[in-house]
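Starting from 1, each residue takes its place in the sequence as its number.
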Amino acid sequence: MIIMTRSGDTWDSVAYRIWGKGADQAFMSDLIDANPLYIEVAVFPANIEITVPDVEDKTAVTLPPWRR
């Protein structure tokens, strides 16, 4: 899947938009790894194509019990 960035997006905000609460930190590195051309970008301009990788659900493992 490909998504387009919005002006001001960051890696964690893109991950949050795709996978939801708790996944922003769990899947952010997978998202970065799938988009090596933008590895040094901290804040995105609008309309950059980001490849969304298929990921297995890590949130149950990485979230504390009260956030699951």
Side-chain angles (χ1 to χ4, degrees):
M1 171 170 65
I2 301 285
I3 66 158
M4 303 300 279
T5 61
R6 299 173 186 160
S7 181
D9 270 346
T10 59
W11 288 111
D12 59 335
S13 69
V14 172
Y16 180 85
R17 185 167 19 126
I18 297 164
W19 293 295
K21 185 176 182 178
D24 52 343
Q25 294 176 1
F27 298 123
M28 189 172 69
S29 62
D30 295 307
L31 193 58
I32 293 169
D33 290 344
N35 296 278
L37 291 175
Y38 305 111
I39 198 163
E40 297 201 16
V41 176
V43 179
F44 285 96
N47 301 318
I48 300 296
E49 287 187 356
I50 298 293
T51 301
V52 178
D54 291 329
V55 294
E56 47 179 277
D57 188 4
K58 299 180 196 176
T59 56
V61 175
T62 59
L63 291 178
W66 61 88
R67 292 198 62 197
R68 292 182 198 159

Shortest non-hydrogen contact from [X] toward [Y]:
X: Trp11; Y: Tyr38; value: CZ2-O, 3.2 Å
X: Asp30; Y: Pro53; value: O-CG, 3.6 Å
X: Arg17; Y: Met4; value: NH1-O, 3.4 Å
X: Ile18; Y: Leu31; value: CD1-CD1, 4.2 Å

Would you find a donor on one side and an acceptor on the other, under 3.5 Å apart, between the side chain of Trp19 and the backbone of Met28?
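Pair absent, no side-chain N/O of Trp19 close to backbone of Met28.
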
Looking at Thr5 and Pro45, would you say the former's side chain and the latter's main chain have a donor-acceptor pair under 3.5 Å?
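Such a contact is found between Thr5 side chain and Pro45 backbone.
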
Rounded to the nearest 0.5 Å, what's the gap from CG on Asp9 to CG on Asn47? Could you check?
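Here the rounded value is 10.5 Å.
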
Could you tell me the separation between the OG1 atom of Thr51 and the CG atom of Asn35, rounded to the nearest 0.5 Å?
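Output value for this atom pair is 4.5 Å.
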
With the 4.5 Å side-chain cut-off for hydrophobic clustering, are Ile2 and Tyr16 part of the same group?
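Result: no, two separate clusters.
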
Just wondering, are more than 12 heavy atoms of other shown residues or ligands nearer than 6.0 Å to CZ in Arg6?
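It does not: Arg6 CZ has 12 such atoms or fewer within range.
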
